[in-house]
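What follows is a single structure, written as structure tokens, with notes after it.
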Amino acid sequence: MADLSINFAGIKAPNPFWLASAPPTNSGYQIMKAFEAGWGGAVWKTLGVPVVNVSSRYGSVDYRDTRMAGFNNIELITDRPLADNLKEIEEVKKYFPDHAVIASLMVESRAEWEQIIKDCENAGADGIELNFGCPHGMCERGMGSAVGQEPDVLKTIVEWVMEAANIPVITKLSPNISHIVDPGRASVEGGTDAISLVNTFKSIVGIDLDSYAPYPVVDGAGSNGGYCGPAVKPIALNMVKELAQDAITKDIPISGIGGIENWRDVVEYILLGCGSVQVCTAVMHYGFGIVREMEAGLVQFMEDKGYETIYDFKGKALPNVKEWKDLNLKHKVVAEIDGDKCIGCELCYISCEDGAHQAIGLSDDPDNRIPFIIEDNCVGCNLCSLVCPVEECITMVKRDDGTEHVTWAERTANNDIPTTFNDKRAGGLGHYVPEPSLALKNGKKK
Amino acid sequence: MAEYKRPESSEDFHKNFAQKKPLMNKTEAFYESSRCLFCYDAPCVTACPTGIDIPLFIKQIQTGNAEGAAKTIFDKNWFGNTCGKVCPTGVLCEGACVYNHQDVKPIDIGRLQNFATDQVIKSKKEIFKPGKDNGKKVAVIGAGPAGISCACELRTLGFSVDIFEAKDKPSGLAVHGTAPYKITNKEVLDEVEYLQDQLGFSINYGKAITTKEQLNDLEKDYDAIFIGVGLGPTAELDLPGVDKENVIGAVEFVEELRMTEHKVKVPDSVIVIGGGNTAMDAASETARMGANNVILAYRRSKEEMGGYDFEYDLARNAGAKGLFNVQPVEITGNGKATGVKFIKTESRNGKLEYIEGSEFTLDCDLVIKGTGQAKLVDFFSLIDGLEIDRSTRIVVNGESFQSGNPKYFAGGDAVNGGAEVVNGAYDGKQAALGIENWLNK
């Protein structure tokens, strides 16, 4: 049986599935329920000076019939008194001494940081997480992402915290910045024990077409929110990779956050170097029970691959995430259509025809709707296989024999790259492109 | 084995004839529309006789633009709502849906279509305007799907249009001849009213055109005439005893059923003669009216029936039994039919032959002739130059729907010999374009 337990920067948990600091961790009641459901840890809804919230707090990006493919919120940190939260932390730890309870914190002055850290330690928290990410509301008051976007300020606060804290400290980063490595390095230089990312992305999820206000609409107006959910996962994964590959931040434990909903998401974050993952939107959508699928899938994956602990495959994809210039230009794949499976929707045809390289043709026989690949034109871009609605109908097959390997970097070193506007070494030279006039319905040439 | 209780009230009747394609609610339409793949050169469009841009209207429903979806539908088919309900979608658009090739349930196109059209009809949302008056007048004979469609299209082109209808209701067989579980009278009539309110053509009810004088007047008063008269009553069977009192035509039976619902009295034992869709409708309907013993008798094999398989299944599921390779030779009884004498048949080299000595008689209280409708040959003979084919259908140009007499255009059942509402809708619209081309070229 796979051992899912982790030791994340000194914080121990029975598994890497943690709840992110958010509405699902607003109370001891919710967290106890989550732990019973199978979650290994929880980052408490951010504590600080309690706030006042607005009514109408969430907005959603629905894709066709999929609800909440993206999700945003304009809710602030906890609106409950600190004393109540601390009492509940203490109680949760009594019932679940082996689970990770981490207090997310956001305050302004050094004195406040020192006080609240002491309070949380006294309540029995296993660690603290510094919320430098919240991109709405709190940042207007100089906290949250206002700190996360200023590496110098961030570093100073981390230093204050590290002086005061006796339990592990996780610095949570805002993704609302051009180079995530900058605040990453600042937190490491400030002495943080770990990093978590990403917090939410500054967002407007949509505009109400009657009130002309952004969602969620609060009495005829709205504000930018913080965006999360499945839609942000690709951006978050890339940010995790940047920190996991950076010379200064690469050894710091990372807790991955962003669009995690199933075991595949979890495995991907771990493969890019995460030691734990945090989940919010999936729980807000489906409840705590969603962890059942994550756990079953992770265990299955580990057993199939022969891994005993998550450390056996943590970061395993990192060596394969390279710079473009180091990819093999001699690798060649082309699309192949399985005519027995094809249903004749011709989406591959039109997507290639209008959106790619005119490498798919249609039969002259109107009763034959199975398209064919024009292999000479196929650049192996994958588009057809991505739009195909049938499982395993279009596959990309390898055409090179694997003996050649040339990268852009090597060609550059060999002075073998296009350097002028009409250079004969251009990749597209000689590729078939139809005459422009053939695009016209009557096909007439002048 | 009657599964249906005899309906004693309108409520009972509608229970026995529950709609096969009930209206979708908003949630169902949302999920169903999201499944559409938006195929390139979509086969559903090709399969639709009117060529409705189905992927477009489904996408419009998906994006909360049901009104735009309705416009897309009516742009190609003026009977968009009726067709959504009565079209044999399983052999047209839905039968062509690519999902079928991977055993995935095809998109419920007919019901999505109704979801959109029903909304604008119910809200009386105006989405069409008549064209600028071009000073020309067209008479339309027959307010069936072909005639109404022709009138609608002509109005958008600026013609003034008067329809002459023999009956007291518009939409022809859509209201008089469709199985009640496919569409309600109200649904059919509301659609015509919706179109008429916006486009402003006149319908003169109870105005059958049957004489040369009437035609002469029309020719004098109008620039062009569209013939959308459909077919006549059930064709006479050349069969001894066919004139007995309880021997009726299927078309007439369906019409009476639609107009008087539960008040139609159907006896216990019914024999329906025929293998077409109307015969199957009659079998299905008598069973739903509480008849215990309904037999659908066809002279050829099951595979050779002209009706759709799904129509036969509907009749069977309602309790009717199929009897094949039986040729009626006499309707027995004294003044009143008490049975039908049959002889067994078989196909030999494609030729139907009787099996000697195989006669047998089945008892019944009602015989329904589902043997096709007669053509209105007498009417056709009044029009000079009208060309008629060997099956006594009006011959028209395939594109313009202009007849042998250039002033006359024709479409629908009178031209195709009896097809679906959707075919009539297509013909009428095309004929209007033909008239426009002829008069305004």
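Each chain gets a letter, A, B and so on, in the order the sequences are listed, and its residues count up from 1.
For B:C44, no part lies near chain A; criterion is any non-hydrogen pair under 4.5 Å. Both the backbone and the side chain of B:Q102 come within contact range of chain A, with heavy atoms under 4.5 Å apart.
Note: B:Y40 and A:Y349 meet the aromatic proximity criterion, with ring centroids under 6.0 Å apart.
Looking only at heavy-atom pairs under 4.5 Å with chain A, the residue among B:F38, B:Y31, B:Y99 that has the most is B:Y31. Ranked by heavy-atom pairs under 4.5 Å with chain B, the list A:R64, A:E346, A:E353 is led by A:R64. Counting heavy-atom pairs closer than 4.5 Å to chain B, the top residue among A:C342, A:G344, A:C393, A:C345 is A:C345.
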Task: Candidate pair B:Y194 and B:W78, rule ring pair (Phe, Tyr, Trp, His ring centres under 6.0 Å), full reasoning - done: CA-CA 10 Å; B:Y194 172 70; B:W78 293 107; 9.6 Å; no

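Taking a cutoff of 4.0 Å between a charged side-chain nitrogen and a carboxylate oxygen, B:E32 and B:R35 qualify as a salt bridge.
In this structure, B:F74 and B:F128 have perpendicular ring planes: the angle between them is above 60°, well past the 30° mark.
Side-chain polar atoms of B:Q60 and B:T72 form a donor-acceptor pair below 3.5 angstrom.
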